[in-house]
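First up is the structure itself, then whatever we jot down about it.
If you're wondering where the values come from, they're calculated on a predicted model, not measured in any experiment. We're numbering straight along the sequence, starting at 1.
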Amino acid sequence: YKGAKVWKKGVGILTAPQYLFVAYGPDSLHIEAFIKYALLPGVYIGEMGITGFFGAAPKGILRSRVTQLENYIASLWQNAQPSPWNGQPR
């Protein structure tokens, strides 16, 4: 999407397509999520973030996906941290 690799769900026939973009570096993680704004079914003119009342149903679904991704990444990070006891009992 616009030169970046994104996760996309939906083609926009009945619901707005959902997009998820993840960028990361050695000490950072950036997640963007948005849905396309429809003028008519299948005719999109812009993007909407995942907050706000307008388009609440598809935004809620995408917001839950972002939360799941954040929780998954946090669990991976926690499991990768070395133990402060280095395998020794307390």
Side-chain angles (χ1 to χ4, degrees):
Y1 181 79
K2 293 184 180 178
K5 290 185 179 183
V6 297
W7 173 86
K8 177 185 174 191
K9 173 151 175 112
V11 292
I13 295 171
L14 298 175
T15 60
Q18 303 173 7
Y19 293 84
L20 187 63
F21 170 75
V22 178
Y24 58 91
D27 297 326
S28 65
L29 177 68
H30 179 78
I31 300 173
E32 289 184 29
F34 60 94
I35 60 174
K36 295 292 271 181
Y37 179 75
L39 179 62
L40 299 168
V43 179
Y44 299 98
I45 58 171
E47 303 165 354
M48 289 189 288
I50 59 174
T51 58
F53 179 74
F54 186 71
K59 287 180 180 181
I61 293 168
L62 187 53
R63 195 170 30 251
S64 70
R65 286 192 171 107
V66 170
T67 302
Q68 286 177 338
L69 178 62
E70 289 172 337
N71 291 338
Y72 178 70
I73 291 170
S75 71
L76 290 175
W77 183 80
Q78 289 171 353
N79 291 337
Q81 295 300 310
S83 171
W85 298 284
N86 296 324
Q88 302 295 324
R90 290 191 207 182

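Nearest heavy-atom pair across Y19 and K8 is OH-CE, 3.5 Å. Across every non-hydrogen atom of V66 and A33, the tightest pair is CG2-CB, 3.5 Å. Closest of all the heavy-atom pairs between W7 and L62 is CZ3-CD1, 4.3 Å. Residue Y24 comes nearest to L29 through the heavy atom pair CB-CD1, 3.9 Å, listed as atom of the first residue, atom of the second, then distance.
The CD atom of E47 sits 4.5 Å away from atom NZ of K2, with the distance rounded to the nearest 0.5 Å. The distance from the NZ atom of K36 to the CE atom of M48 is 10.5 Å, given to the nearest 0.5 Å.
Hydrophobic clustering, with ILVMFWY side chains joined whenever heavy atoms are under 4.5 angstrom apart, groups I50 together with I73. In terms of hydrophobic clustering, with Ile, Leu, Val, Met, Phe, Trp and Tyr side chains grouped at heavy-atom distances under 4.5 Å, I61 and F21 are assigned to different clusters.
The ring pair (Phe, Tyr, Trp, His ring centres under 6.0 Å) check on Y37 picks up F54, with sequence neighbours excluded. Legend: residues meeting ring pair (Phe, Tyr, Trp, His ring centres under 6.0 Å) with F53, ordered by chain and number and at least two apart, are absent.
Here the side chains of L20 and R65 are not in contact, with every heavy-atom distance at 4.5 Å or above.
Under the 3.5 Å distance criterion, the side-chain polar atoms of K59 are matched with a main-chain donor or acceptor of T51.
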